[in-house]
Amino acid sequence: MKRDTCIIVDPDSTGLHLAPALQKLGVLTVAGVSSNAPPLDLGSYDQLVDVGDGSCWPEALDPNRILRVVAGSDLGGPPADRLADSAGLSRKNDLTLTLARRDKWVMGEVLRNAGIPCARQALLVDMPSVERWITINPNLSVVLKPRKGIASDQVHLCHSDTEIRTAADALLGSKDFFGNDNTTLLVQEFLPGLEFMIDTVSLDGAHYVVGIWQSCRRRTGTVLPLYVDAVNPTSPTAQQVISYCHDVLDTLGVSNGPAHTEIMLVPNRGPVLIEMNARFHGSMDLDFACCVFGTDQVMETAQSIATQDWNGPKQVLQLKGFGRKIYLHSPVSGTANHVPDYSALEQLSSFHSIRNRILPKKEVRETVSLSTSPATLFLASDNEEEIIADTQKVRQLEVAIFNNIVME
């Protein structure tokens with residue numbers, strides 16, 4: 001029987017674009033909905049199936065027809081790994097390392113045990129353990145975060161013992177982005193340097209870079225993303241980071257499918273992992289990615305699934321133009337009266353597109369992390385100075401844009 005179907009588990013954000021890309025290539029698509037998945041529109045899929053946590057094969061599916069199983073989001077990773085293993089697929093990721101690809105504490109320890117450079121870290125379970133850790137490690141700059149958080153949610157940068165106590169007290173006993181209890185917290189050393197994001201597609205253990213970005217964040221208190229810039233993948237710095245990224249993917253058992261890896265290039269030390277996510281680069285405009293790199297992660301993932309002789313992008317990855325992805329910030333919280341008016345941003349000379357997340361009568365939150373950013377703006381140009389100038393205008397315009405949508 002022909003294997004002609006791909007299961008996409010918990011598709012969200014950029015992962016929503018995989019089904020249409022596969023269907024254009026003649027592959028049937030199943031939306032696998034896990035236990036914790038949000039509501040999903042069936043319209044883009046040939047079938048929708050409840051897959052639970054992936055430990056039991058769904059009766060509605062014939063495993064002999066499954067070509068691949070892909071995580072459509074962070075939530076989809078563990079059930080996708082289990083389903084791929086149950087279907088007996090050769091093209092899958094290492095099931096024994098599933099937790100290491102989702103839990104940041106385990107991720108760091110797996111790298112350390114393999115001799116891969118990684119951040120120094122500790123796992124704290126309650127305030128007494130926090131106090132003991134501070135006594136042994138006084139006056140350090142550290143990062144406190146949930147073990148399975150996403151989108152910089154609840155990530156705290158602390159530069160004093162008092163800040164560590166305050167952040168730990170706020171985290172312990174709270175719930176993470178997905179509603180799970182934070183019964184422990186991860187403390188990692190603060191890593192200075194340049195931050196990079198590497199987008200890859202893997203097949204049979206070979207890793208192909210389809211995008212590389214340099215990230216700019218406000219790194220005081222909470223982690224507030226500002227923007228990411230497309231980077232020349234052939235530069236010596238990019239090649240150094242890419243080589244390290246491949247080592248991380250190998251160590252964490254990523255052999256097939258997309259990954260989005262965040263790495264800090266630390267002075268006098270080299271690349272150090274921030275985190276690896278075995279899913280697509282979130283909130284990405286695929287046309288924008290093609291504009292700056294000539295390809296995109298979803299298209300290459302689809303090709304790797306549908307095409308027998310796929311061995312990476314058809315062309316050597318290169319920077320075709322300057323591109324910046326800007327995370328817009330709302331200065332206010334409240335209920336949206338209407339969709340924001342982005343017409344002033346659309347008039348910018350380097351404007352490419354915008355991805356809005358604000359709907360009428362829905363909550364707007366003051367932006368303190370990636371998860372609370374109300375929209376993503378994409379700028380593209382042959383002139384880097386044009387993008388820099390437009391970015392300054394964006395920061396002036398966004399205040400009025402979001403102030404004007406919140407109900408009195």
Report task. For residues H159 and I164, determine if any side-chain heavy atom of one lies less than 4.5 Å from a side-chain heavy atom of the other. Result -> no
Query - Min side-chain heavy-atom separation I354-F378 under 4.5 Å - result: no
Requested in this report: With the side chain counted from C-beta on, respond yes when V30 and L48 share a heavy-atom pair under 4.5 Å apart, and no when they do not.
Outcome: no
Requested in this report: Mind checking the CD1-CG spacing from I116 to L273? Nearest 0.5 Å is all I need.
Outcome: 10.0 Å
Report task. Say whether, by atom type as modelled, one donor and one acceptor occur between the side chain of S129 and the main chain of L124 under 3.5 angstrom. Result -> no
Query - Neighbour count >12 (heavy atoms, 6.0 Å) for atom NZ, K148 - result: no
Query raised in the report: For S44, does its backbone N or O pair with a side-chain atom of Q23 as donor and acceptor, under 3.5 Å?
Result: yes
Report summary line: The side-chain contact (heavy atoms from CB on, under 4.5 Å) partners of H207 (sequence neighbours excluded) come to S202, H246, L249, D250
Requested in this report: May I ask you to check whether T376 and R357 show a side-chain donor-acceptor distance below 3.5 Å?
Outcome: yes
Query raised in the report: Does D74 reach the main-chain N or O of N277 with its side chain, forming a donor-acceptor pair under 3.5 Å?
Result: no
Query raised in the report: From T367 OG1 over to R218 CZ, what is the distance, rounded to the nearest 0.5 angstrom?
Result: 10.0 Å
Report task. Sequence neighbours left out, what passes side-chain contact (heavy atoms from CB on, under 4.5 Å) with A380? Give chain and number order. Result -> F288, C291, H352
Query - Parallel, tilted or perpendicular, as decided by the 30° and 60° cut-offs, for the rings of F293 and W213 - result: perpendicular
Query - salt bridge (Lys or Arg N to Asp or Glu O under 4.0 Å) pairs, two or more places apart, involving residues 291-316 - result: none
Query raised in the report: Atom CZ in R65, atom NZ in K2: separation rounded to 0.5 Å?
Result: 9.5 Å
Report task. Not counting sequence neighbours, which residues clear salt bridge (Lys or Arg N to Asp or Glu O under 4.0 Å) with E386? List them please. Result -> none
Query - Interatomic spacing from CE in M299 to CG in L18 - rounded to 0.5 Å - result: 12.5 Å
Requested in this report: Check whether any side-chain heavy atom of T391 lies under 4.5 Å from a side-chain heavy atom of I326, and answer yes or no.
Outcome: yes
Report task. Assess whether atom CG of D382 is packed by more than 12 heavy atoms of other residues, nucleotides or ligands within 6.0 Å. Result -> no
Query - Min side-chain heavy-atom separation M197-V228 under 4.5 Å - result: yes
Query - Ring centroid separation H17 to F280 under 6.0 Å - result: no
Query raised in the report: Are any of the side-chain nitrogens in K92 or D81 under 4.0 Å away from the carboxylate oxygens of its partner?
Result: no
Requested in this report: Please examine the side chains of W57 and L83, heavy atoms only from C-beta on, and report whether any two atoms are closer than 4.5 Å.
Outcome: yes
Report task. For residues L319 and V231, determine if any side-chain heavy atom of one lies less than 4.5 Å from a side-chain heavy atom of the other. Result -> no
Query raised in the report: Going by atom types only, do S369 and S371 share a side-chain donor-acceptor pair under 3.5 Å?
Result: yes
Requested in this report: Just jot down the salt bridge (Lys or Arg N to Asp or Glu O under 4.0 Å) partners of R68, sequence neighbours excluded, or say none.
Outcome: none
**Report entry** Pairwise salt bridge (Lys or Arg N to Asp or Glu O under 4.0 Å) hits with a residue in residues 317-336, at least two apart
**Finding:** D229-R324
Requested in this report: Working to the nearest 0.5 Å, report the span between OG of S350 and CG of D390.
Outcome: 3.5 Å
Query raised in the report: Is there a side-chain contact between V187 and V143 (heavy atoms, below 4.5 Å)?
Result: no
Requested in this report: With rounding to the nearest 0.5 Å, note down the distance linking NE2 in H338 to CG in L359.
Outcome: 13.0 Å
**Report entry** salt_bridge(E109, K104) N-O dist < 4.0 Å
**Finding:** no
